[in-house]
Amino acid sequence: MSDYFDKTLVGRLFALSRELPDKTALVFKKDGITYGELAGRIAAVSARLKECGVKKGDRVCISAVSKPESVVCYLATVYAGAIGCFLDKNSNARIMADICKDAGAALLVTDKPMKEFGEGLNVIPLHETYENAAGHVSADADGPAVAEGASGTDALSDAVDKNSTGIDENDIAEILFTTGTTGKPKGVMLSYKAVYNILSNTIIGADMKREDILLLPLPLNHSFALRVLRSALWQGATVVLQNGFTFAKEVENNIEAFGCTRMACVPASYEVMKGQMQDAFKRVLCVLKCIEFGAGSLTVRQRKEITDTLPDTRIINTWGSSETGGALFLDVTEAVKDETRIKALGKPLEGKVSVRILDEDGKEKESDSTHPGRMSIKGDMIMSGYWNDPVNTADTIRGDWLLTGDMAYVEDGFVYMLGRADDIINVGGEKVSPIEVENTAGQYEGIRECACISADDPDGVLGQIPVLFIVPDFGYDKDAFTRFLAARLEKYKIPKEIITLDAIPRNRMQKIDRRSLKNLYDDRDKLDLINPVIQAILSRRSIRSFTDREIGADVLEMILKAGYNAPSGHNLQSWRFTVIEDAARLEKLKALTEETAKANGVYFYGWNNPKVIVLISNDSRNVNGCQDSALAAENMMLAALSYGIGSVWLNPLMTLRDKEPVKGFLDEIKVPENHTVWCTLALGYPSSPGTKLAKNQDVINYVDR
């Protein structure tokens, strides 16, 4: 057998099954598998694949669910000498079938019902195949019996020797199919040598250690997730699998349950966690020793923010692609200390990765911020080419170098990205980086997220103009934002149009989908639907901490007027707005509410330094009292927002009206005894922007569509 088997992940895992047989390798929810068990299942599933006719060089398509069965099936494919092809678990049956046919797959391993699209495909169930390998004793055609777990590791050693597939380092090990957002998915072919060097680069660049317990909430068909998974298993670490970042509570639960020490993350998921966890964000994530961000670059604002919030957690940002794996690494924790370095994409690993910048004729050139060029990369980790696509392969692989589609420059060994070559904006001959515009705009406190694209100059003078899409945050002021940009960008870089959205469109890996933005711009008449009222509704969020700035009497009166102009069932208007402005009385209300809530088992999160509290109560005999009060509260919160004033709705008094000592206080300030206090509304100028919470959009049912 080729000596290169020892440099495959399977060869390494068989060695670890003898060295660390009882250490947990993979975890998903309550199910775990040790290194000893992992080796046994790999051998058993590999035998099953061979029973299905899989031979060396055959393509095996695998549904990449974030569970141990996908990992085992992938590794069993390698052990069988076949080529693993990873399919997005969210792909429909038609897309999966198309990729299988394009790959000429000998086998599809999935639990997705293929129905009419499965014709002509050899399909076996993923989970059942994995479960049948548990405790199963299998016999390789050329080797001895192999059992699961530590008891089988001696036999495994013999089985490896007798299961030779004659692996060569240049043989294709995997094919990664891209998402295909710009057309037909491309199949990136990675050799065994490339796979080994990709995981080796990640171990060095991201400092992966054996003692790590890695939380991996990423889709396993993506190159970022795969390289992190492979490097962790190579080191003998523990990998906790999770199905995405949709619910940040699952991140919290897994970190606490398994004692995770590091996490792989994409930049947009950072915003999801921050939004959902709110004040718990620091408490939950501060226990992590390292967070590696990939599949996109953290913005300058995010880099400053996360290192400030998690000063004891090492933050690493990695640039990579399906064609290269992780190739450029940046220690963000150190980079934020330098105003120039903080903008860097990363640095190539010394002795492992080389970068050069090419001019328009494809010749190497010296580069700086004003003289960028196309980035080209060299190293043993680059792909062998695109599956069945010699034209794209020839355009991308130039000798030992891989030509990327990225415009960049190099200073002091660090690479700085301007954006994809196709995304660079040519304004009257001047080149504008959309990333630079986004990084600058993103530092304005009134912007939650933004994206810059090019558009044709409507006047036909400049050729192209920058257009900026923004999602406003609390306190956004268009005139102030324009002045902010003018003070920080050259005139030709300032966006000629600023368009408001409720969210920036993103792809499966949460990267900005610029193609969708261009389509939105082409159909921008529909964007007029986001008028100031809609913008206020979409950008409002709860504010619990306030500055010392007072609310003017006339402004407060207008906010209250918005409240009593709300709809009221049968126009009863039986509500009462009790306004508290005295600082001492506000503190007393907070203290008494905390005391009474604790005594009665009521949750109370509280507030800090509000200038005004409005108690919105309603006659308990009014069956519409709750609804009427809610409408009044919403009116007042939106009115407050229009004046730059923050608000938060608290409702502990709803159940504490007749509980002492709260009851005595409410009686003292003349809240009617027969009233339920439906809302405690805190108002004030915000001391921080607050957090926009993720909203579940899957709640609409169109009956007639």
Side-chain angles (χ1 to χ4, degrees), residues 5-49 62 65-80 84 129-138 140 143-161 163 173 192 195-196 198-200 202-203 206 208-216 220 225-242 254 257-262 264:
F5 185 81
D6 292 336
K7 284 193 175 183
T8 68
L9 183 54
V10 176
R12 171 68 171 172
L13 288 172
F14 285 162
L16 289 172
S17 73
R18 296 185 287 271
E19 183 182 350
L20 306 169
D22 299 320
K23 182 175 181 180
T24 300
L26 297 168
V27 179
F28 177 74
K29 295 185 176 179
K30 295 181 180 180
D31 298 326
I33 180 171
T34 66
Y35 276 93
E37 294 166 339
L38 179 59
R41 292 209 190 199
I42 291 169
V45 173
S46 180
R48 172 67 178 127
L49 299 183
I62 305 159
V65 296
S66 295
K67 297 179 181 179
E69 46 256 52
S70 287
V71 179
V72 168
C73 187
Y74 150 55
L75 295 167
T77 299
V78 174
Y79 187 39
T129 301
Y130 172 77
E131 284 300 313
N132 287 343
H136 173 69
V137 178
S138 65
D140 277 322
V146 178
E148 178 207 5
S151 60
T153 53
D154 292 334
L156 280 170
S157 179
D158 295 331
V160 169
D161 292 336
N163 193 47
Y192 284 98
V195 170
Y196 171 74
I198 286 170
L199 73 84
S200 174
T202 296
I203 289 170
M208 186 74 71
K209 300 180 183 299
R210 173 168 292 190
E211 58 267 26
D212 279 328
I213 302 173
L214 167 71
L215 179 58
L216 185 59
L220 293 184
L226 282 170
R227 68 171 177 79
V228 174
L229 170 72
R230 288 189 294 245
S231 61
L233 292 178
W234 184 278
Q235 289 293 75
T238 296
V239 180
V240 180
L241 299 170
Q242 179 179 307
N254 279 330
F258 301 109
C260 298
T261 61
R262 70 183 293 146

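To the nearest 0.5 Å, the span separating CG on Leu220 from CD1 on Ile62 amounts to 10.5 Å. Atom-to-atom distance recorded for Leu16:CG and Gln235:CD is 9.0 Å, nearest 0.5 angstrom. Taking SG of Cys260 as the reference point, atom CD1 of Ile213 lies at 6.5 Å (rounded to 0.5 Å). Atom CZ of Arg230 and atom OG1 of Thr8 lie 12.0 Å apart (nearest 0.5 Å).
Side-chain N or O atoms of Lys67 include none that pairs as donor or acceptor with a backbone N or O of Phe28 at under 3.5 Å. Looking at Thr24, its side chain never comes within 3.5 Å of a backbone N or O of Gly32 through a donor-acceptor pair. Side chain of Ser70 to main chain of Val65: a donor-acceptor pair is present (N/O by atom type, distance under 3.5 Å, no hydrogens or angles). Ser46 contributes no side-chain N or O that, together with a main-chain N or O of Ala43, makes up a donor-acceptor pair within less than 3.5 Å.
The salt bridge (Lys or Arg N to Asp or Glu O under 4.0 Å) test applied to Arg48 returns Glu51, not counting sequence neighbours. In this structure Asn254 satisfies the side-chain hydrogen bond (donor to acceptor under 3.5 Å, both in side chains) test together with Gln242, sequence neighbours excluded. With sequence neighbours left out, Tyr130 forms a side-chain hydrogen bond (donor to acceptor under 3.5 Å, both in side chains) with Arg41. Checked against ring pair (Phe, Tyr, Trp, His ring centres under 6.0 Å), Tyr74 has the following partners two or more places apart in sequence or in another chain: Phe86. Considering only residues two or more places apart in sequence or on other chains, Lys209 meets the salt bridge (Lys or Arg N to Asp or Glu O under 4.0 Å) condition with Asp207. For Tyr196, the ring pair (Phe, Tyr, Trp, His ring centres under 6.0 Å) test picks out Trp234, with sequence neighbours left out.
In this structure, a donor-acceptor pair under 3.5 Å is absent between the side chains of Asp22 and Thr34.
Heavy-atom minimum distance, Val239 versus Ala232: CG2-CB, 3.6 Å. Minimum heavy-atom separation, Val45 to Ala76: CG1-CB, 3.6 Å. For the residue pair Ser17 and Ala39, the shortest heavy atom distance occurs at CB-CB, 3.5 Å.
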Might you work through the side-chain contact (heavy atoms from CB on, under 4.5 Å) test for Leu216 and Leu229, ending with a clear yes or no? CA-CA 8 Å; Leu216 185 59; Leu229 170 72; 3.9 Å; yes

Evaluate Val27 against Leu241 for side-chain contact (heavy atoms from CB on, under 4.5 Å), listing each step before the verdict. CA-CA 6 Å; Val27 179; Leu241 299 170; over 6 Å; no

Check the pair Leu214, Val228 against side-chain contact (heavy atoms from CB on, under 4.5 Å), reporting the backbone distance first and the verdict last. CA-CA 9 Å; Leu214 167 71; Val228 174; 3.2 Å; yes

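The only member of Val195, Ile198, Leu199, Ile203 that meets side-chain contact (heavy atoms from CB on, under 4.5 Å) when paired with Arg227 is Ile198. The residue from Leu233, Asp31, Thr238 that alone fulfils the side-chain contact (heavy atoms from CB on, under 4.5 Å) condition with Leu26 is Leu233.
Contact check on Arg210 versus Glu19 returns a salt bridge, with a Lys/Arg side-chain nitrogen under 4.0 Å from an Asp/Glu carboxylate oxygen.
Counting heavy atoms from C-beta outward, Tyr79 and Leu49 have side chains that stay 4.5 Å or more apart. Side chains of Glu69 and Glu131 form no contact here, defined as non-hydrogen atoms less than 4.5 Å apart. Residues Phe14 and Ile42 are in side-chain contact: their nearest non-hydrogen atoms beyond the backbone lie under 4.5 Å apart.
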